[in-house]
Engineer: 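Take this structure first; my questions come after.
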Amino acid sequence: MSENAHCSATDGSTAGKNLKDLNDAITLHVQELFSNHADLEKVVVPLGGTLIGTAMAWFVMPIVLRKLHKYASEGPLMTIWGVSTKKDMSYQTSLWSAMEDPAKYIITFMAFSQMAAVIAPNISDYLPQAWKGAFVVSFVWFLHRWKTNFIANAMAKQAAIATDRERLSAFNKVSSLGLIALGVVALAEACGVPVQSILTVGGVGGVATAFAARDILGNILSGFSLQFSRPFSVGDYIKAGSIEGQVVEIGLTSTSLINTEKLPVIVPNSLFSSQMIVNKSRAQRHVSVSKLPLRTEDIEKIPTITEEIKEMLVSNPKIDVPYCYLSRLEGSRGELTIGCNIKSTKIEEWSSVEQDILLKAAGILKRHQLWTAV
């Protein structure tokens, strides 16, 4: 066994020496080739670097990022981030996925621009600015993808935790506008344009634009206010001033309703900032008030009738705060007012309860022979 191990070690050292000799010979031939052809090195090295860098960016880096995502999702960092927040997150909606495409394209751009500088040396002076601009674009692109993935994850959890989807949609719009503005300013700075002059010109132009389009800007600001304050949602039945109907869509500048006549109504968002909004869909009770006519020949029966109606209302588990009283008395006729709060805001439920109350109250009046036609 000792002899075999010694022979193996000897063979290994011999193979290593042969490999070193082969490597030295190849290196010597390459150096001679570059010495005989001076321009060849200036082409082969940049071209090889470009191809290798591009291949690494498009084939190796995605694998590395997926490995990092898997490690971050299942490794020791789970104890810091928590199991419930990372367990169901796929790679497509993760931070690493948001980083993949911007990183691939900026590496490819830098590699090919370096090769272009070898072919056309006069563009070398513009490479630093071009790389700064490409970095700004890639970084803003990464932020946008990360924001989109974050909102997609939040939207996916809506069914479980029932949070407000429209508020996330408003945040998506506002953050997109902010990223666009940030990207424009950073790109101008990277290209050598003074940001001070941009802000000055933009400020003057913004004041003029705001003055000329103050109604549109007022509607937009009111739309953002509606999205975040949420006085009503899509599907709610609201009343604001003389406008009444069911909300169909909440846009950036206007809100669409279906009024009581089943006609579409477009309302500017600025109207809601100056009107009192009554959201009937968020009420926990439906107020029911009915008036029944009666004859007053036997007026002494009215206290008994009102008590019987109150007892009937109290016995109904679907209503609370019942009341009944004689609200009008004219000659031989009077009017009985019956009111209560119905514990439902669905029209099919409260209308059925209201009908039952009216039928039972009319039966009580008939039994005491005080019912009369209007």
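Start at 1 with the first residue, then count along the sequence. The analysis underlying the following values was restricted to heavy atoms, covering all of them including side chains, and did not include hydrogens, waters or symmetry mates.
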Engineer: Do side-chain atoms of Ser315 reach the backbone of Met312 as a donor and acceptor pair under 3.5 angstrom?
Structural biologist: yes
Engineer: As a quick check of understanding, evaluate ring pair (Phe, Tyr, Trp, His ring centres under 6.0 Å) for Trp146 and Phe142, giving each step before the final call.
Structural biologist: CA-CA 6 Å; Trp146 189 16; Phe142 159 69; 5.7 Å; yes
Engineer: Determine whether a donor-acceptor pair (N or O, by modelled atom type, separation under 3.5 Å) exists between the side chain of Ser352 and the backbone of Glu348.
Structural biologist: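 Not at all, since once roles are kept as given, no pair shorter than 3.5 Å links the two residues.
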Engineer: Rounded to the nearest 0.5 Å, what separates atom OG in Ser94 from atom NZ in Lys70?
Structural biologist: 14.0 Å
Engineer: Just so I know, are the side chains of His69 and Arg66 near enough to count as touching, which here means a heavy-atom distance under 4.5 Å?
Structural biologist: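 His69 vs Arg66: side chains apart.
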Engineer: Could you measure the distance from the CD atom of Gln355 to the NZ atom of Lys360? Nearest 0.5 Å is fine.
Structural biologist: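 If we round to the nearest 0.5 Å, Gln355:CD and Lys360:NZ are 11.5 Å apart.
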Engineer: Indicate the atoms forming the closest heavy-atom contact of Gln246 with Tyr237, along with that distance.
Structural biologist: N-CD1, 3.9 Å
Engineer: Which distance, rounded to the nearest 0.5 Å, do you find between the CE of Met99 and the CG of Leu65?
Structural biologist: 6.5 Å
Engineer: Specify the closest pair of heavy atoms between Gly183 and Val136, including all atoms of both residues, with the distance to one decimal.
Structural biologist: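 Looking at all heavy atoms of both residues, the closest pair is O-CG1, 4.0 Å.
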Engineer: Are Ile243 and Val248 in one and the same hydrophobic cluster, where Ile, Leu, Val, Met, Phe, Trp and Tyr link if side-chain heavy atoms are under 4.5 Å apart?
Structural biologist: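 As far as the 4.5 Å side-chain criterion goes, Val248 and Ile243 are not connected within one cluster.
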Engineer: Determine the sole option in Leu257, Val278, Val267 for which the side-chain contact (heavy atoms from CB on, under 4.5 Å) test with Ile238 is passed.
Structural biologist: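 The residue from Leu257, Val278, Val267 that satisfies side-chain contact (heavy atoms from CB on, under 4.5 Å) with Ile238 turns out to be Leu257.
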Engineer: Taking 4.0 angstrom as the limit, do Glu244 and Lys280 come out as a salt bridge?
Structural biologist: yes
Engineer: Is the closest side-chain heavy-atom distance between Ile302 and Leu294 below 4.5 Å?
Structural biologist: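 A side-chain contact exists here, since the closest heavy-atom pair is under 4.5 Å.
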Engineer: Can you tell me if Lys132 has over 12 outside heavy atoms packed within less than 6.0 Å of its NZ?
Structural biologist: no
Engineer: Determine whether Pro231 and Leu226 make a side-chain contact, defined as any pair of heavy atoms from C-beta on separated by less than 4.5 Å.
Structural biologist: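 Yes. Closest side-chain heavy atoms under 4.5 Å.
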Engineer: Please report the shortest heavy-atom distance between His286 and Ser344, naming the atom on each side.
Structural biologist: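 Closest approach of His286 to Ser344: CB-O, 3.3 Å.
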Engineer: What do the steps show when you test Ile107 against Met56 for side chain to side chain contact (heavy atoms under 4.5 Å, CB included), and what is the final call?
Structural biologist: CA-CA 9 Å; Ile107 292 174; Met56 292 285 289; over 6 Å; no
Engineer: Report whether Met110 and Val60 are members of the same hydrophobic cluster (ILVMFWY, side-chain heavy atoms less than 4.5 Å apart, transitive linking).
Structural biologist: yes
Engineer: Rounded to the nearest 0.5 Å, what's the gap from NZ on Lys67 to CH2 on Trp96? Could you check?
Structural biologist: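 The distance works out to 14.5 Å.
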Engineer: Closest heavy-atom contact between Val140 and Leu179?
Structural biologist: CG1-O, 3.8 Å
Engineer: Are any non-hydrogen side-chain atoms of Leu336 and Thr306 less than 4.5 angstrom apart?
Structural biologist: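 With C-beta onward as the side chain, the pair touches.
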Engineer: Could you tell me whether the side chain of Arg328 reaches within less than 4.5 Å of the side chain of Thr337, counting heavy atoms only?
Structural biologist: no
Engineer: Enter the distance from Ile357:CD1 to Ile309:CD1 here, rounded to the nearest 0.5 Å.
Structural biologist: 10.5 Å
Engineer: Decide if atom NZ of Lys318 counts as having more than 12 heavy atoms of other residues, nucleotides or ligands within a radius under 6.0 Å.
Structural biologist: no
Engineer: Check the side chains of Ser288 and Asn341 for a donor-acceptor pair under 3.5 angstrom, ignoring hydrogens and angles.
Structural biologist: no
Engineer: Run the numbers on Leu292 and Leu365 for side chain to side chain contact (heavy atoms under 4.5 Å, CB included), then give the verdict.
Structural biologist: CA-CA 9 Å; Leu292 297 179; Leu365 291 176; 4.1 Å; yes
Engineer: Go through the structure and list residues passing ring-ring contact (aromatic ring centres under 6.0 Å, His included) with Tyr105, not counting sequence neighbours.
Structural biologist: Trp58, Trp141
Engineer: Between Lys104 and Thr54, does any side-chain donor sit less than 3.5 Å from a side-chain acceptor?
Structural biologist: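 Judged by distance alone, the side chains do not pair up.
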Engineer: Between Glu100 and Arg145, is there a salt bridge with N-O shorter than 4.0 Å?
Structural biologist: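 No, this pair does not count.
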Engineer: For Pro322 and Val314, which heavy atoms make the closest approach, and how far apart are they?
Structural biologist: CG-CG2, 3.8 Å
Engineer: Can you find a heavy atom in the side chain of Thr255 that is under 4.5 Å from one in the side chain of Phe232?
Structural biologist: yes
Engineer: Ignoring hydrogens and angles, state whether a donor on the side chain of Glu308 or His368 is under 3.5 Å from an acceptor on the partner side chain.
Structural biologist: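 A donor-acceptor contact under 3.5 Å links the two side chains.
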Engineer: When you compare the side chain of Val247 with that of Ser233, does any pair of heavy atoms fall below 4.5 Å?
Structural biologist: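 SC-SC contact between Ser233 and Val247 ruled out.
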Engineer: Looking at Trp131 and Ser113, what are the two nearest heavy atoms and their distance?
Structural biologist: NE1-OG, 2.8 Å
Engineer: Nearest 0.5 Å please: distance from the CD1 atom of Ile364 over to the CD atom of Glu307.
Structural biologist: 11.0 Å
Engineer: Would you say Glu261 has more than 12 foreign heavy atoms packed within less than 6.0 Å of its CD?
Structural biologist: no
Engineer: State, yes or no, whether a side-chain contact exists between Ile319 and Val353 at a heavy-atom distance under 4.5 Å.
Structural biologist: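 Yes, at least one pair of side-chain atoms sits under 4.5 Å.
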Engineer: Let me check something: do Val287 and Ile338 share a hydrophobic cluster, defined by ILVMFWY side-chain heavy atoms less than 4.5 Å apart, either directly or through other members?
Structural biologist: no
Engineer: Spell out, yes or no, whether Phe272 and Ile266 are grouped together once hydrophobic residues are joined by side-chain heavy atoms under 4.5 Å, including indirect joins.
Structural biologist: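 No, Phe272 does not connect to Ile266 through the hydrophobic network.
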Engineer: Tell me whether Phe109 shares a hydrophobic cluster with Ile52, the cluster being built from Ile, Leu, Val, Met, Phe, Trp, Tyr side chains joined at under 4.5 Å.
Structural biologist: yes
